[in-house]
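Residue numbers start from 1 in every chain, and the chains themselves are labelled A, B, ... in the order their sequence lines are given, proteins ahead of strands. No hydrogens, no waters, no symmetry mates; every other heavy atom, side chains included, goes into these values.
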Amino acid sequence: MPNPQDYNLSEGALETILSGGDYPSAVMQVLGKKLIHSGAGDKERVRILLSDGKHTFSYAMLTTQVNGRLGPNGIEDNGIIRIEKYITSMVNNSTGQARVLLILEADLVVAGSEVKGKIGTPEPWTDKGTANSSSSRINGAPKKVETPSKVVDSPVISKPISKVSMDTSMNFDGSLIHPISSLTPYQNRWVIRARVTGKTPVKTWSNSRGEGKLFSFDLLDESGEIRCTAFRDLVDKFHDFLQVDKIYYISKGQLKMANKQFSTLKHEYEITINNDTQIQECKDVKDSDIPQVQYNFVPFDKIPELEVGTIIDAIGVVKSVGELITFQAKSTQRELKKKDVTLIDQSSTTIDLTLWGADAENFDAPNNPVVVVKGAKINEFGGGKSLSTLVSSNMSLNPEIKECYRLKGWYEREGGAVEAKNLSARSGNVASKWMTFKEVKDQKLGQSEKGDYYRTVGTILIIKAENFLYQACPSAECNKKVLDMGNGMYKCEKCNREYPNFKHRFLASINVGDNTANQWMTLFHPEIEKILGMTAEEVGQQIENKEEINNIIERATFRELIFTCRAKIETYNDEARLKTVCIRIEPIDYEEYNQYLVDQIQQLTG
DNA sequence: CCCCCCCC
């Protein structure tokens, strides 16, 4: 049996806490646990048997988040924890009212496996009848928020204590402000007091299940954060009313499982606003009593270490702003607008941030402001990284936070002139490796998913002119081959519509020889225009004139150029074949190429 | 009740 002297349990702490007192940083032992499955969700809450060495108490609960921090699989039996934040509540059960201790924040002091059993001989604690008051309401809260005349199914905070700043400024008498982290679908009477840390624009949708509009907003208090969504007429009621950064009382609403795929907020549930929801601005607390939105900024130079698709918070000085670009999304055919903003941070690294829609149109950034984005997505294209805002992202210019002042100061002192590494630069060295066709084959390049890139100096031997021009969809961004309907219309199956016209595009196979072997490769439109020195439209005008087409092909053949290629092994009918795509054709830079040859000679001669 | 988050 463990020696009680070895473990400083806070004897008597349970008595203090359960009588409504404050006991900061109580050290207690967890003697047992029981998972309480909350029905719909895949997460569970944990009910624990707690001991302070003098008493035990079995109506103690850990929130999922707290439990997760107490060990890889949550708290173990016999583990010793330090309780930093908690609330006590009265709830109804089969035998009347029972007191519940909800632990909001705790640290692991000693792992359960290191403690050999129960410490001391604690006795079960018994409540000597300290019922909480229940006929009060919150000062300043919406009038329609009524305290239940008797406690029904909701835990009611009898005294939020220990480091819960909610209580220091609370001038309500013994009733019901709930920490956000305690909200579950199984209690429908609650009031939270929280800051709106962000809200989305109104979005309308239309699909097979109907149509409507919605917006969502994020709430933050001392205990945690949660996303709320309002639909249809409730959008009109609350969208303009709610202002980012302000503090509100919110009561009632439907709790449902949060889909983690679409939110990075650390809460198991989300709130759907309904007709019972009351929201009123809170003017009776100091602004500093409710935490500000918290950022977890990732220095730009650490972004390459993160997985593509990760959502991060970013801060950077605007170094330059790109043009507004309008194009059609291939997948939805919707017209999209984007603008790339290049940001720099104190790691002397730049990265492009892509803004969309109205954000892109409205973005104007004179005098190198600091941009802060909560919830930007990491993207990758052509070997370069970029950030992109999502509808759920929150962007602000020059927010009044210390990181912003620090970065601005750095930029003015030195950052504006520093030579920065650009994360958004595409490819470059992935394709810079010189190799011959023979080396590519011998070394079996092209095994990887993305293929392997290399450059070689080669000569165009054959340009396959049959079908090297096709009739493509005329819409700006779609280059799909169209179907001639024979009635003057051309059908694009990708756009799913017919057009009265088409545009010419190139797609061809060419055979290239370098000084080791020759290789068939696919060449796309822009590179073919380059080698022919003519546009597809110009060639298209003369497509019936075989002789002229032959002349065009002949003029382009036997030219020596640099071919940047992607090699990828693909399997057809169980047979692996090397597929080569030429992604770029350039004239030979003899200075660079000679250097490569000199290096080769030096390697051969040692 | 959305849940798409886009492009080169």
Side-chain angles (χ1 to χ4, degrees), chain A residues 198-218 227-236 238-239 253-265 269-275 277 308-312 322-342 351-361 373-395 423-428 430-431 450 473 475-480 494-495 524-527 566 581 583-584:
Chain A
K199 74 171 173 178
T200 68
V202 177
K203 183 208 163 180
T204 57
W205 85 87
S206 173
N207 60 28
S208 56
R209 290 183 296 277
E211 53 182 53
K213 59 181 174 180
L214 71 111
F215 82 105
S216 50
F217 55 100
D218 296 340
R227 169 151 304 170
C228 305
T229 306
F231 291 92
R232 303 171 198 275
D233 50 328
L234 296 166
V235 173
D236 304 326
F238 291 121
H239 185 264
Q254 186 198 335
L255 272 290
K256 56 168 227 173
M257 287 303 295
N259 187 337
K260 291 293 168 194
Q261 200 185 333
F262 303 109
S263 164
T264 55
L265 269 60
Y269 302 106
E270 294 180 351
I271 297 173
T272 302
I273 301 299
N274 60 29
N275 287 318
T277 304
V308 171
T310 307
I311 312 275
I312 62 161
E323 297 287 308
L324 181 70
I325 293 168
T326 303
F327 61 92
Q328 203 176 5
K330 278 183 182 158
S331 50
T332 60
Q333 304 309 314
R334 251 195 311 173
E335 187 185 89
L336 298 174
K337 289 188 164 72
K338 71 151 198 171
K339 188 180 275 181
D340 282 344
V341 177
T342 303
I351 189 165
D352 289 352
L353 168 70
T354 306
L355 308 178
W356 299 93
D359 280 342
E361 285 183 280
V373 184
K374 182 154 185 65
K377 189 178 150 200
I378 300 175
N379 286 318
E380 183 168 27
F381 180 69
K385 295 279 201 277
S386 65
L387 296 173
S388 181
T389 56
L390 306 172
V391 177
S392 55
S393 304
N394 286 306
M395 181 173 66
L423 289 184
S424 299
R426 290 171 202 171
S427 62
V430 290
K450 289 177 176 174
C473 175
S475 85
E477 291 298 317
C478 179
N479 295 321
K480 177 132 181 83
K494 197 164 181 181
C495 300
F524 293 116
H525 178 82
E527 303 312 307
R566 181 179 61 233
V581 171
I583 60 162
R584 191 163 60 234

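For the pair A:Asn394/A:Val373, no side-chain contact is recorded, criterion being any heavy-atom separation below 4.5 Å from C-beta on. Residues A:Asp218 and A:Lys374 have side chains not in contact (no heavy-atom distance under 4.5 Å, counting atoms from C-beta outward). Looking at A:Lys338 and A:Leu336, their side chains never come closer than 4.5 Å, going by heavy atoms from C-beta outward.
At the phosphate of B:dC2, OP1 or OP2 sits under 4.0 Å from a side-chain N or O atom of A:Trp205. Within the structure, every side-chain polar atom (N or O) of A:Arg232 is placed at least 4.0 Å from both OP1 and OP2 of B:dC2. Between A:Asn379 and B:dC6 there is a side-chain polar atom (N or O) within less than 4.0 angstrom of OP1 or OP2. Between A:Lys377 and B:dC6 there is a side-chain N or O to OP1 or OP2 distance below 4.0 Å.
Distance CG (A:Leu390) to P (B:dC4): 13 Å, rounded to an integer number of Å. If you measure from atom CG of A:Leu353 to atom C1' of B:dC8, you get 16 Å, rounded to the nearest angstrom. Look at CG on A:Asn479: it is 13 Å from C1' on B:dC7, rounded to the nearest Å. Note: CG (A:Asn259) to C1' (B:dC5) measures 14 Å, nearest angstrom. The nearest whole Å value for the distance from the CZ atom in A:Phe327 to the P atom in B:dC5 is 13 Å. The distance between atom CD1 of A:Ile311 and atom C1' of B:dC4, rounded to the nearest whole Å, is 13 Å. Distance, A:Asn274 CG to B:dC1 P: 13 Å, rounded to whole Å. B:dC4 atom P lies 18 Å from atom CD of A:Glu211, rounded to whole Å.
For A:Thr354, the side chain to side chain donor-acceptor pair (under 3.5 Å) partners are A:Asp340, not counting sequence neighbours.
Residue-level contact check: A:Glu270 touches the bases, meaning some heavy atom is under 4.0 Å from a base atom. Looking at heavy-atom distances under 4.0 Å, A:Lys256 makes contact with a base. Base contact: A:Thr229 has a heavy atom under 4.0 Å from a base atom.
Here the side chain of A:Leu214 is nearest to one of B:dC2, B:dC6, B:dC5, namely B:dC2. When distances run from any side-chain atom of A:Ser388 to the nucleotides B:dC1, B:dC6, B:dC3, the shortest one goes to B:dC6.
Between the side-chain ring of A:Phe381 and the base of B:dC8, a stacking contact exists by the 5.5 Å and 30° definition.
At a cut-off of 3.5 angstrom, counting only N and O atoms as typed in the model, there is no donor on one side facing an acceptor on the other between the side-chain of A:Lys203 and the base of B:dC2.
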Could you pull out all donor-acceptor pairs under 3.5 Å where a side-chain atom in residues 201-214 of chain A meets a protein atom, sequence neighbours excluded?
residue	atom	partner	partner atom	Å
A:Asn207	OD1	A:Arg209	N	2.8
A:Asn207	OD1	A:Gly210	N	3.3
A:Lys213	NZ	A:Asp236	OD1	2.7

